[in-house]
Amino acid sequence: MPDGIGTDHQRIDGRAKVTGGARYASDVMLGNVAHAWLVTSAIARGHITGMDEAAARAVPGVLEVFSHRNMHGAVAETEFFAKGGYVGSTIRPLESDRIWHDGQIVAMVVADTLEAAREAAFRLQVEYREEQPAAGFDAAGVEVKAASEGGFEDPEVGDADRAYGNAEVKIEAEYSTPTQHHNPIELFTTTAHWVGGKLELHEGSQFVHGLKNGVAAQLGIDPADVHVVSPFVGGAFGSRGSLTQRTALVAEAARRLGRPVKLVPTRDQGFTIATYRAETRQKVKLAAGRDGKLQALVHEGWEVTSRPDPYKVGGTATTARIYACPNVRTKVNLVHADRNTPGFMRSPPELPYMFALESAMDELAVALNMDPVELRRVNDTQREPIKGLPYSSRNLVGCLDAGAKAFGWERRNPAPRSMRQGEWLVGWGMATSIYPTHIGAATARVTLLPSGHARVQTAAHDVGTGAYTAIGLAAAEGLGVSLDKVAVELGDSDLPPAPVAGGSNTTASVCNVVMKACDEIRARRAQGQQGAIEVYAENVPEGLPPEAIGKLYQGRNALGGGLEGGKQAMAAFGAIFVEVRVHERTREVRVPRAVGAFAAGRIVSPRQAHSQLTGGMIWGIGAALHETTEIDHRTARYMNDNLSEYLVPVNADIQQLDVIMLDERDSQANPLGIKGIGELGNVGTNAAVANAVFHATGTRPRHLPVRIEQLLG
Amino acid sequence: MRPFSYMRADAPKADAAASFLAGGTTLLDLMKLDVLRPERVADINGLALSGVRLDAHGLHLGALARMSEVADHAEVKRHYPVVAQSLMLAASPQIRNMASLGGNVLQRTRCPYFRDTSYTACNKRNPGSGCSAIGGVNRLQAVLGTSEACIAAYPGDFAQALVVLDAEVEVQGAQGRRRMRFAELHVAPGQAPQRETTLQPGDLITGFSVPAGAWTARSLYLKVRDRESYAFALASAAVALQLEGETVREVRIALGGVATVPWRAHDAEAELRGKRLDEASATRAAAAAFASAQTHGENAFKPELGRRTLVRALLQAKQMEA
């Protein structure tokens with residue numbers, strides 16, 4: 001029985017992962033390797049005025065102390081990824097004495113052993129001249145700029161302010177979402193090894209071709225001389241998509257020392273040497289007629305970023321387009337502060353911005369005295385309202401129906417504080433989920449042997465999502481073989497390039513190009529070709545220029561699809577239903593059950609898709625109730641930079657979670673009709689939790705995370 | 001981490017310069033953070049200090065008994081539920097399997113400024129340097145027993161159970177073995193927050209004795225926290241009750257997550273003795289418990305949460321079948 005798209009199958013790399021056979025970057029141990037330990041800044045703004053290295057260098061086994069004194073000029077300036085470059089932060093540590101943010105790398109000690117490097121790092125004395133940093137929104141000295149100055153298009157249509165003024169029913173509210181850190185379990189490890197003038201890098205990556213080309217640009221070497229090895233990635237969530245600055249430092253140290261150098265930074269260093277989710281504040285105004293039909297939507301956001309880099313979250317690009325609303329005005333503002341540069345984190349625009357919109361929709365439903373599910377139904381549309389583009393497919397209503405039925409929504413008493421179980425107030429809330437469907441230019445090589453065994457080679461990435469299995473299933477279908485005959489090779493820059501594992505595009509991008517290669521193999525077989533057949537294929541999705549492939553080879557992403565461009569809008573949808581319990585006295589919030597119903601195109605690998613959507617919903621619960629990076633606003637420093645106090649849900653927090661995947665055929669999105677699901681599950685879940693808390697308590701939580709102190713009043 | 005010499009202790013004898021290593025769940029953690037820099041570490045896991053024993057006089061716990069062992073002990077759960085619950089609701093299964101009882105009561109604060117040596121100002125770590133938590137990130141820090149020098153919360157749970165049941169602690173020191181009231185082990189920060197206990201250098205906790213009492217069976221530990229497991233208390237209450245009908249004959253109350261030391265709430269107990277236990281009297285007791293609370297911004301919610309936690313714990317204890 002041949003396997004194929006839709007076959008329920010365990011992860012083909014699962015056994016290796018649970019037996020230790022899968023080698024992550026942190027597991028790589030090369031001969032004669034030297035160990036690096038980072039020293040990071042104790043201030044967020046100012047200058048290094050002195051560095052006493054004597055005690056550090058006196059530790060036996062220390063090979064070198066790298067700092068701005070001996071690394072100035074070693075790493076070239078490169079463009080911010082959003083401006084066409086590679087790096088997630090243009091702040092180059094060890095370039096000068098300047099400190100831009102808390103936890104900036106100020107030195108890297110390399111020694112024969114990890115213990116010596118660590119001890120020497122502890123003995124390095126760094127003196128600073130500190131300036132008062134601006135930590136964020138309310139601090140003096142921040143610089144506020146419209147995101148449109150950097151080219152962001154604020155979606156707008158009609159006259160939202162007039163329509164709002166004239167409307168019968170309206171709400172206006174302000175929401176906020178906190179700084180959050182990805183905290184993948186695998187730390188931000190890098191091992192660099194020079195062999196015959198060529199650089200080999202072992203680093204968990206979401207984009208090996210980006211890493212290869214980016215490091216080459218930073219070090220002034222030929223990209224052909226860089227080889228990135230990243231077959232397994234211990235979690236990423238966006239944190240390994242663009243380059244961090246530590247990679248080039250490790251590579252440069254290895255070059256100077258003439259031996260491999262391995263860096264395993266600490267958990268707390270991961271909070272400041274990589275990216276994170278930007279803190280936002282948002283203002284939403286909604287107006288509707290008595291029938292619930294939206295007449296005006298105004299959504300403004302403010303987002304914290306670093307001094308030099310204009311990272312934008314920009315979720316209004318989605319919130320402006322999800323409901324039928326003739327009058328929309330949006331604006332995004334960037335607040336530049338003395339912080340490290342934020343970046344992509346699972347559902348980057350949608351998680352914070354859909355929290356605000358879907359909370360506001362719940363507030364509007366209350367103002368209308370209308371069921372919140374009905375309000376979404378009334379405002380459903382098959383065309384996005386800004387440019388009037390048709391959705392390639394959209395079954396939000398099907399998700400609402402299936403989710404409501406499975407949850408038992410019809411038994412909900414709409415009055416807040418009306419449901420309880422013993423000492424616990426019970427609340428039911430819901431929200432819409434949406435994630436734009438992306439597809440990128442991609443390449444792959446597929447080989448079919450006479451034995452019936454096949455090999456798929458593409459530099460795509462399995463960041464824990466199950467990509468190995470999904471890609472294997474596509475090849476199995478394309479070649480008419482069983483999955484156990486298919487070997488899948490990913491995560492290596494010597495392989496034909498595939499896009500960044502971001503924007504939930506991998507399955508669509510890679511399965512379509514793999515299928516193209518398989519089709520070619522089958523055609524050649526039909527023509528009578530014998531022996532092993534190897535086919536290299538490229539796929540440029542509709543709407544992207546042909547040079548997208550060349551750019552991909554240069555490590556530059558070309559992603560198409562989504563809501564904004566082209567002839568159609570493409571997105572996956574979902575409806576999330578959540579039950580919370582809130583203790584009537586002490587106000588702990590717990591989530592005994594949740595249901596998510598999703599319409600996300602053709603599901604390639606159902607078991608891993610189920611896992612992704614479940615994990616996404618768990619993430620959403622954590623985003624609603626737990627996750628926040630605590631900042632000392634006097635010093636602009638992160639204070640809970642460990643897994644004990646940076647809270648995410650533990651097993652005991654997650655009880656019953658049901659995922660429903662609707663059958664959806666989309667012949668317009670891409671040839672295989674695949675939409676992404678990696679990020680869909682967590683969007684909306686945070687709002688559904690908050691809406692349930694309102695239903696339970698009558699208190700409207702507008703600031704994440706929803707913690708006890710918000711509910712004691 | 002800095003180099004240290006490691007030895008295995010073969011007898012519980014005083015070694016004033018050594019840090020004792022049992023489960024290692026606090027010591028190694030803080031050594032890796034460079035907060036603790038012992039020159040010598042004496043591993044005491046080989047000492048015969050484990051064991052859990054119940055008799056007519058009470059409950060006897062060896063200092064090297066692991067948290068999980070006592071938390072899962074059927075007789076402890078039945079006769080001293082507050083002890084078992086305080087251990088079960090703490091930390092994670094992995095930590096409970098490693099951490100010893102003796103180490104547990106000496107767990108250091110989780111105040112982030114204590115744990116981050118890049119902050120110079122921490123009176124506990126760096127006497128006389130100031131307190132960064134006042135005016136800083138202090139959501140988890142204390143509102144009872146604080147001083148202008150320190151508001152670091154005592155992080156543990158088990159100690160509240162020991163305080164509430166008037167336990168004794170046994171200590172091996174330079175002068176031999178001695179026993180003292182557990183309530184005298186910890187000292188509030190005052191002007192010297194670097195001194196957290198009355199132990200002398202070289203002193204080793206060898207065990208605990210919890211006296212039997214008519215109130216130990218009707219006892220419980222209620223812990224309110226941000227998530228369902230593996231989180232420090234925002235507020236907790238250890239309660240032991242002896243009732244005659246609905247009237248309180250004896251009551252013991254200790255509070256966690258809100259104080260600088262394991263906190264016995266004598267004023268609250270006085271409000272209840274001889275009274276009918278109901279919502280009103282429990283509320284009065286809770287008000288008394290937090291009468292002296294001092295808040296510092298982020299932790300302003302703690303007195304209210306602490307009062308509600310205590311009321312809930314008292315009414316819940318009243319409902320117990322004991």
Side-chain angles (χ1 to χ4, degrees), chain A residues 39-43 59-60 102-103 114-116 118-123 126 128 266 268 423 583-591 621-622 625-626 628 630-635 637-645 647-655 705-713, chain B residues 1-3 29 31-34 37 91-93 95 110-113 115-121 132-133 135-140 155 222-232 234-237 279 282 286 297-313 315-316:
Chain A
V39 179
T40 56
S41 75
I43 65 166
V59 174
D102 166 40
L114 179 76
E115 291 75 14
R118 177 168 57 183
E119 184 192 351
F122 283 4
R123 293 184 186 277
V126 184
Y128 303 97
T266 59
D268 62 308
E423 297 179 353
H583 194 272
E584 61 176 355
R585 282 185 202 280
T586 46
R587 300 283 157 154
E588 303 102 304
V589 181
R590 300 292 185 255
V591 181
I621 292 168
L625 299 177
H626 302 127
T628 180
E630 310 273 3
I631 298 157
D632 185 318
H633 285 272
R634 303 163 303 182
T635 59
R637 304 189 64 193
Y638 301 137
M639 296 310 299
N640 60 334
D641 46 7
N642 58 72
L643 288 182
S644 178
E645 278 133 329
L647 301 188
V648 296
V650 294
N651 278 325
D653 289 301
I654 302 303
Q655 297 181 37
V706 182
R707 299 195 293 202
I708 283 176
E709 52 265 50
Q710 278 192 58
L711 304 173
L712 283 176
Chain B
M1 209 173 205
R2 295 164 192 260
D29 204 17
M31 287 169 70
K32 289 184 205 165
L33 292 172
D34 207 24
R37 303 169 179 183
S92 66
I95 292 172
R110 297 294 303 195
C111 179
Y113 302 95
R115 294 171 61 83
D116 186 343
T117 58
S118 69
Y119 276 89
T120 312
S132 296
V137 171
N138 58 32
R139 178 173 180 263
L140 294 174
L222 177 67
K223 182 173 180 179
V224 176
R225 46 188 166 166
D226 286 317
R227 63 182 172 191
E228 189 63 18
S229 179
Y230 190 44
F232 294 95
L234 297 171
S236 70
E279 175 97 25
E298 286 186 1
N299 68 5
F301 71 101
K302 278 201 169 183
E304 176 62 19
L305 181 64
R307 284 189 287 267
R308 293 185 186 201
T309 303
L310 178 53
V311 171
R312 182 178 161 191
L315 298 180
Q316 200 170 312

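Chain letters run A, B, ... following the sequence lines, proteins first, then strands; residues in each count from 1.
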In terms of heavy-atom proximity below 4.5 Å to chain A, should [X] be classed as side chain, backbone, both, or neither?
| X | result |
| --- | --- |
| B:Thr120 | neither |
| B:Arg307 | neither |
| B:Leu222 | neither |
| B:Lys32 | both |
| B:Asp116 | side chain |
| B:Leu315 | side chain |

Check the side chains of A:His583 and B:Arg308 for a donor-acceptor pair under 3.5 angstrom, ignoring hydrogens and angles.
no
Any idea which of [options] has the most non-hydrogen atom pairs under 4.5 angstrom with chain B?
| options | result |
| --- | --- |
| A:Arg587, A:Glu423, A:Arg590, A:His626 | A:Arg590 |
| A:Val648, A:Asn651, A:Thr266 | A:Val648 |
| A:Val589, A:Val126, A:Thr40, A:Asp632 | A:Asp632 |
| A:Glu645, A:Glu584, A:Glu115 | A:Glu645 |
| A:Met639, A:Glu119, A:Arg118 | A:Met639 |

Between B:Lys223 (side chain only) and B:Ala231 (backbone N and O only), is there a donor and an acceptor less than 3.5 Å apart?
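A pair under 3.5 Å: yes.
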Counting heavy-atom pairs under 4.5 Å with chain A, the top scorer among B:Glu304, B:Glu298, B:Lys302, B:Arg110 is B:Arg110
Non-hydrogen atoms of chain B under 4.5 Å away: do they reach the side chain of [X], the backbone, both or neither?
| X | result |
| --- | --- |
| A:Leu643 | backbone |
| A:Ile43 | neither |
| A:Ser41 | neither |
| A:His633 | neither |

For A:Asp653 and A:Val591, what are the C-alpha separation, side-chain angles and deciding distance, and is it a side chain to side chain contact (heavy atoms under 4.5 Å, CB included)?
CA-CA 7 Å; A:Asp653 289 301; A:Val591 181; over 6 Å; no
Kindly indicate, with the supporting measurements, whether the criterion side chain to side chain contact (heavy atoms under 4.5 Å, CB included) is fulfilled by A:Val706 and A:Leu711.
CA-CA 8 Å; A:Val706 182; A:Leu711 304 173; 4.1 Å; yes
Carboxylate-amine/guanidinium proximity below 4.0 Å for B:Arg115 and A:Asp268:
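Result for this pair is no, no salt bridge flagged.
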Would you mind checking if B:Glu279 and A:Arg585 are paired as a salt bridge, meaning a charged N to carboxylate O distance below 4.0 Å?
yes
Taking only residues two or more places apart in sequence or in another chain, which ones pass ring-ring contact (aromatic ring centres under 6.0 Å, His included) with B:Tyr119?
B:Tyr113
Derivation and outcome, side chain to side chain contact (heavy atoms under 4.5 Å, CB included), residues B:Phe301 and B:Arg139:
CA-CA 9 Å; B:Phe301 71 101; B:Arg139 178 173 180 263; 3.8 Å; yes
I'd like to check the side-chain contact (heavy atoms from CB on, under 4.5 Å) partners of A:Pro705; sequence neighbours left out, ordered by chain and number.
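Partners of A:Pro705 by the side-chain contact (heavy atoms from CB on, under 4.5 Å) criterion, ordered by chain and then number, come out as A:Pro178, A:Thr628, A:Arg707.
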List the steps and the verdict of side chain to side chain contact (heavy atoms under 4.5 Å, CB included) for A:Glu588 and B:Val224.
CA-CA 7 Å; A:Glu588 303 102 304; B:Val224 176; 3.7 Å; yes
